[in-house]
Amino acid sequence: MPAARESLLDAAYTALTERPWTAVRMVEVAAAAGVSRQTLYNEFGSKEGLARALVRRETDHYLAGVARALSRGAPAAGARGDAAAPIVAAAAWTVRTARANPLVRAALTGCWGDRLPPAPTGSAAPAPGGAPRPGVPAQRAAPPGEGPLPGPAELVGRFCDQAVAALRPGWPEEELPALGTACETAARLTLSWVLAPPAPGTAPAPGRVPPQRSRREPDTEAVSRLVRSAFARMTAGTQPADRS
């Protein structure tokens with residue numbers, strides 16, 4: 001019963017915003033969704049099963065948003081366009097979503113606080129400054145609801161894969177490895193921002209675009225400028241040609 005399942009997940013998420021996961025009771029989730037407790041157990045098996053389904057749904061929604069952001073800004077095949085626009089939009093979406101959704105932030109960073117369900121097995125956070133993978137990342141796909149929950153490394157990889165797929169049309173074949181590396185770096189920069197955004201007044205690190213305003217800028221604007229600057233540097237001279 002898909003409608004009941006979504007209602008239960010909505011009720012569980014609402015409960016989580018109001019109190020710690022340890023204080024969330026299955027009977028209350030079922031009542032809020034307007035179904036019996038037996039229906040809840042039939043759908044998820046246990047409270048742990050409910051938590052896993054909730055985390056998976058929220059991360060799936062996050063990844064779907066990444067895909068939407070990339071598709072809206074992607075240039076048409078053969079067009080010059082603004083090559084950085086799709087990945088900048090995806091970075092801004094990531095920061096906004098992580099700020100608003102504690103489950104997405106925990107999944108992206110591996111930092112599961114006391115108010116959240118226990119951290120899924122095998123989802124430790126990667127070092128944000130780690131070396132990018134060479135070449136174009138391989139596409140990933142897993143059947144919905146199967147396999148381990150995505151951790152930070154998997155989410156960064158999917159962000160990167162989707163960015164490469166969105167930007168790939170029109171790029172010379174020999175420049176695809178540079179595109180893959182640039183997308184990987186942009187994804188890791190975005191994760192670094194989610195993990196620890198710079199404090200107000202902090203001097204920008206080497207290579208970062210200095211602030212243009214005296215007041216503190218919104219996170220999304222600041223990370224967008226950072227990602228755009230890094231992407232432009234790493235793809236200088238490799239932009240797709242105008243084939244129109």
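Each residue takes its place number in the sequence, starting with 1. Computed over heavy atoms, backbone and side chain alike; hydrogens, waters and symmetry mates excluded.
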Q: Specify the closest pair of heavy atoms between I87 and A186, including all atoms of both residues, with the distance to one decimal.
A: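 So the two residues come closest at CD1-CB, 3.3 Å.
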
Q: Check A83 against L167 and note the closest heavy-atom contact, atom names and distance.
A: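 Residues A83 and L167, closest heavy atoms: O-CD2, 3.0 Å.
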
Q: With sequence neighbours left out, write down each residue that passes side chain to side chain donor-acceptor pair (under 3.5 Å) with R57, or none if nothing qualifies.
A: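 Scan of R57 (side chain to side chain donor-acceptor pair (under 3.5 Å), adjacent residues dropped) gives E6, D10.
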
Q: Could you check if a side-chain atom of V164 sits within less than 4.5 angstrom of a side-chain atom of W171, using non-hydrogen atoms only?
A: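 Not touching, per the 4.5 Å side-chain cut-off.
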
Q: Would you compute the distance between atom CZ of R68 and atom CZ of R72 and round it to the nearest 0.5 angstrom?
A: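 If I round to the nearest 0.5 Å, the distance is 7.0 Å.
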
Q: When you measure from the side chain of E43 to the backbone N and O of R5, does any donor-acceptor pair fall under 3.5 Å?
A: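 No.
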
Q: W112 versus L103: any side-chain heavy-atom pair under 4.5 Å?
A: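 SC-SC contact between W112 and L103 confirmed.
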
Q: For the residue pair C183 and F231, establish whether any side-chain heavy-atom pair is separated by less than 4.5 Å.
A: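 Yes; the side chains approach each other to less than 4.5 Å.
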
Q: Looking at E48 and R52, is any side-chain nitrogen of the basic one under 4.0 Å from a carboxylate oxygen of the acidic one?
A: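 Salt bridge flag = no for E48 with R52.
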
Q: Stepwise, does the side-chain contact (heavy atoms from CB on, under 4.5 Å) test hold for L195 with C111?
A: CA-CA 9 Å; L195 274 165; C111 301; 4.3 Å; yes

Q: Excluding sequence neighbours, so at least two apart, what forms side chain to side chain donor-acceptor pair (under 3.5 Å) with T94?
A: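 T94 satisfies side chain to side chain donor-acceptor pair (under 3.5 Å) with Y62 only.
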
Q: Are the charged groups of E18 and R115 less than 4.0 angstrom apart, N to O?
A: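 Judged by the 4.0 Å cut-off on N to carboxylate O distance, E18 and R115 do not form a salt bridge.
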
Q: Taking V194's backbone N and O only, do any of them form a donor-acceptor pair with R105's side chain (distance below 3.5 Å, no angle check)?
A: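 Yes, because the side chain of R105 sits within donor-acceptor range (under 3.5 Å) of the backbone of V194.
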
Q: Check whether any side-chain heavy atom of L108 sits under 4.5 Å from a side-chain heavy atom of T97, and report yes or no.
A: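 SC-SC contact between L108 and T97 ruled out.
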
Q: Work out which heavy atom in V66 is nearest to a heavy atom in W93; give both atom names and the distance.
A: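 Heavy atoms of V66 and W93 come nearest at N-NE1, 3.4 Å.
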
Q: Is there side-chain contact between R228 and D82, with heavy atoms separated by less than 4.5 Å?
A: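 Yes - at least one pair of side-chain heavy atoms lies under 4.5 Å apart.
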
Q: Quick one: does any side-chain atom of S229 pair with a main-chain N or O of L226 as donor and acceptor, under 3.5 Å?
A: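 The answer is no, because no donor-acceptor pair under 3.5 Å joins these two groups.
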
Q: Rounded to the nearest 0.5 Å, what's the gap from CD on E154 to CG on D161? Could you check?
A: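 Nearest 0.5 Å value for the CD-CG distance: 8.0 Å.
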
Q: With a 4.5 Å cut-off on side-chain heavy atoms, are V104 and H61 touching?
A: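 H61 vs V104: side chains apart.
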
Q: Who passes side chain to side chain donor-acceptor pair (under 3.5 Å) against Q38, sequence neighbours left out?
A: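 So Q38 forms a side chain to side chain donor-acceptor pair (under 3.5 Å) with N42.
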
Q: If I compare all heavy atoms of L116 with all of P102, which pair ends up nearest, and what's the gap?
A: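 Shortest heavy-atom contact: CD1-O, 3.8 Å.
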
Q: Working to the nearest 0.5 angstrom, can you tell me the gap between L179 CG and C160 SG?
A: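 So the gap between those two atoms works out to 8.5 Å.
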
Q: Under 3.5 Å, side-chain donor or acceptor atoms of residues 19-37 against the rest of the protein: list the pairs with distances, not counting sequence neighbours.
A:
from, atom 1, to, atom 2, distance (Å)
R19, NH2, E28, OE1, 3.0
S36, OG, T39, N, 3.1
S36, OG, T39, OG1, 2.9

Q: Which pair of heavy atoms, one from A92 and one from T220, lies closest together, and at what distance?
A: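 Closest approach of A92 to T220, heavy atoms only: O-CG2, 3.6 Å.
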
Q: Any idea which heavy atoms bring P152 and T109 closest together, and the distance?
A: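 So the two residues come closest at CG-C, 3.8 Å.
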
Q: Roughly how far apart are T59 OG1 and R158 CZ, rounded to 0.5 Å?
A: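 Answer rounded to 0.5 Å: 7.5 Å.
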
Q: Starting at OG1 of T190, measure out to CG of L155 and round the result to the nearest 0.5 Å.
A: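 Nearest 0.5 Å value for the OG1-CG distance: 12.5 Å.
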
Q: Hey, does Y41 have a side-chain heavy atom less than 4.5 Å from the side chain of L50?
A: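 A side-chain contact under 4.5 Å is absent here.
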
